[in-house]
Amino acid sequence: MLCSWKQFWLSAVLVSLLATACRRDDYEMLEGKWQLKTVEQGSVVTAVDTVWYNFQSASMFMYLIYKADTQEYTHCYGIRTQPDAAILDLELMSWGTDAQDFIRQTDWDETTRTFTVEMLKSKRLVLTSGGKKYVFIKF
């Protein structure tokens with residue numbers, strides 16, 4: 001039995017809404033403050049407890065560093081894009097903080113960085129980039 005155009009378009013809209021809802025869940029699960037716990041490169045695992053990535057909306061990002069020696073925080077805002085669930089593009093911007101100066105305090109080489117999302121659960125995030133694995137917990 002052939003379906004009518006009305007049924008066809010209704011089905012297409014329903015499928016589109018379901019796909020959007022699933023996508024929105026990925027964005028919402030990433031939102032919030034994530035504390036970096038370890039950086040793994042090959043067999044070397046480095047413990048970290050002074051770095052946070054804060055995903056504030058579907059497009060905003062903040063990189064936060066705690067400096068234990070001065071007991072101060074420094075941060076840089078940026079933009080996040082996620083072309084699909086497995087790719088996360090972050091770009092630090094010079095909004096109040098010079099992004100070029102800020103990256104000198106990080107292991108980033110440039111103000112932009114592309115990560116592969118290996119795992120995203122409610123309390124655990126694992127990103128990879130440049131041969132390194134970054135393991136975060138939800139803060």
Side-chain angles (χ1 to χ4, degrees):
M1 176 178 182
L2 295 173
C3 63
S4 70
W5 280 105
K6 188 175 182 180
Q7 289 173 323
F8 171 77
W9 285 111
L10 184 59
S11 296
V13 168
L14 182 59
V15 168
S16 176
L17 288 172
L18 287 172
T20 302
C22 293
R23 176 75 180 209
R24 192 175 304 122
D25 288 343
D26 290 341
Y27 285 121
E28 289 174 1
M29 191 177 290
L30 190 58
E31 284 187 26
K33 189 178 279 188
W34 294 88
Q35 184 178 25
L36 182 60
K37 296 306 287 179
T38 60
V39 177
E40 303 171 16
Q41 186 171 20
S43 62
V44 177
V45 178
T46 304
V48 180
D49 66 353
T50 58
V51 172
W52 291 266
Y53 284 11
N54 191 2
F55 300 101
Q56 299 172 350
S57 69
S59 62
M60 294 296 298
F61 164 73
M62 182 178 70
Y63 192 135
L64 179 69
I65 301 170
Y66 176 70
K67 297 180 178 185
D69 57 337
T70 61
Q71 296 183 344
E72 295 177 359
Y73 289 91
T74 184
H75 67 276
C76 191
Y77 289 103
I79 296 173
R80 107 180 193 218
T81 54
Q82 200 165 1
D84 62 52
I87 302 296
L88 179 62
D89 293 321
L90 301 177
E91 180 177 3
L92 296 172
M93 309 297 283
S94 294
W95 297 327
T97 302
D98 185 280
Q100 289 294 332
D101 287 341
F102 184 82
I103 65 169
R104 291 187 188 107
Q105 303 169 63
T106 74
D107 70 342
W108 291 26
D109 295 325
E110 300 175 22
T111 57
T112 58
R113 187 113 187 236
T114 297
F115 292 92
T116 300
V117 180
E118 282 196 5
M119 177 190 297
L120 175 57
K121 296 193 176 190
S122 62
K123 297 289 184 184
R124 186 172 171 85
L125 171 64
V126 179
L127 303 175
T128 58
S129 179
K132 294 180 182 179
K133 180 184 287 191
Y134 300 84
V135 179
F136 296 82
I137 60 167
K138 190 91 174 233
F139 191 72

K.L.:
Membership question, hydrophobic clusters at under 4.5 Å side-chain separation (ILVMFWY): are Phe102 and Met93 in the same one?
P.N.:
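No; tracing contacts between hydrophobic side chains, which count when under 4.5 Å, never links both residues.
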K.L.:
Evaluate the ring planes of Tyr53 and Phe61, with Trp represented by its six-membered ring, and classify them as parallel (under 30°), tilted (30 to 60°) or perpendicular (over 60°).
P.N.:
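Answer is perpendicular, since the angle exceeds 60°.
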K.L.:
Residues in salt bridge (Lys or Arg N to Asp or Glu O under 4.0 Å) with Glu118, at least two apart?
P.N.:
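Partners of Glu118 by the salt bridge (Lys or Arg N to Asp or Glu O under 4.0 Å) criterion, ordered by chain and then number, come out as Lys133.
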K.L.:
Which donor-acceptor pairs under 3.5 Å do the side chains of residues 66-75 make with protein atoms, sequence neighbours left out?
P.N.:
residue : atom : partner : partner atom : Å
Lys67   : NZ   : Gln105  : OE1          : 3.1

K.L.:
With hydrophobic residues grouped by side-chain heavy-atom distances under 4.5 Å, do Leu30 and Val117 end up in a single group?
P.N.:
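The answer is yes; both residues are in one hydrophobic cluster.
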K.L.:
How long is the straight-line distance from CG of Leu36 back to CD1 of Ile65, given to the nearest 0.5 Å?
P.N.:
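Reported to 0.5 Å precision, the distance equals 10.5 Å.
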K.L.:
With rounding to the nearest 0.5 Å, note down the distance linking CD1 in Ile103 to CZ in Arg113.
P.N.:
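If we round to the nearest 0.5 Å, Ile103:CD1 and Arg113:CZ are 10.5 Å apart.
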K.L.:
Is there a side-chain contact between Leu127 and Thr116 in this structure, where contact means two heavy atoms from C-beta onward sitting under 4.5 Å apart?
P.N.:
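Of all side-chain heavy-atom pairs linking Thr116 with Leu127, none is under 4.5 Å.
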K.L.:
Looking at every non-hydrogen atom in both residues, tell me the closest pair between Gly131 and Gln41 and how far apart they are.
P.N.:
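Where Gly131 meets Gln41 most closely, the heavy atoms are O-CG, 3.7 Å.
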K.L.:
Give me the atom names and distance for the closest heavy-atom approach of Ala99 to Leu92.
P.N.:
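So the two residues come closest at CB-O, 3.8 Å.
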K.L.:
What residues form a side chain to side chain contact (heavy atoms under 4.5 Å, CB included) with Asp89, not counting sequence neighbours?
P.N.:
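Testing Asp89 for side chain to side chain contact (heavy atoms under 4.5 Å, CB included), a comparison that skips the adjacent residues, returns Thr81, Pro83, Ile87, Thr114.
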K.L.:
Apply salt bridge (Lys or Arg N to Asp or Glu O under 4.0 Å) to Lys37 and list each qualifying residue two or more places apart in sequence or on a separate chain.
P.N.:
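So Lys37 forms no salt bridge (Lys or Arg N to Asp or Glu O under 4.0 Å) with any residue.
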K.L.:
Do you know the tightest heavy-atom contact between Phe55 and Leu125?
P.N.:
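Taking Phe55 first and Leu125 second, the nearest heavy atoms are CE1-CD2, 4.3 Å.
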K.L.:
For Asp98, what residues pass the salt bridge (Lys or Arg N to Asp or Glu O under 4.0 Å) criterion, not counting sequence neighbours?
P.N.:
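Not a single residue meets the salt bridge (Lys or Arg N to Asp or Glu O under 4.0 Å) criterion with Asp98.
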K.L.:
I need the full list of ring-ring contact (aromatic ring centres under 6.0 Å, His included) pairs touching residues 105-125, with sequence neighbours left out, sorted by first then second residue.
P.N.:
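Listed by first then second residue: Tyr63-Trp108, Phe115-Tyr134.
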K.L.:
Using the test side chain to side chain contact (heavy atoms under 4.5 Å, CB included), find all partners of Lys138 that sit at least two apart in sequence or belong to another chain.
P.N.:
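Per chain and number, Lys138 pairs via side chain to side chain contact (heavy atoms under 4.5 Å, CB included) with Trp34, Lys123.
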K.L.:
Show the atom names and distances, to 0.1 Å, of all donor-acceptor pairs under 3.5 Å that link a side chain in residues 42-52 to residues at least two apart or in another chain.
P.N.:
none

K.L.:
Determine whether a donor-acceptor pair (N or O, by modelled atom type, separation under 3.5 Å) exists between the side chain of Thr111 and the backbone of Glu91.
P.N.:
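No: the side chain of Thr111 does not pair with the backbone of Glu91.
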K.L.:
Sequence neighbours left out, what passes side chain to side chain contact (heavy atoms under 4.5 Å, CB included) with Gln56? Give chain and number order.
P.N.:
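Gln56: side chain to side chain contact (heavy atoms under 4.5 Å, CB included) contacts with Asn54, Met60, Met62, Tyr77.
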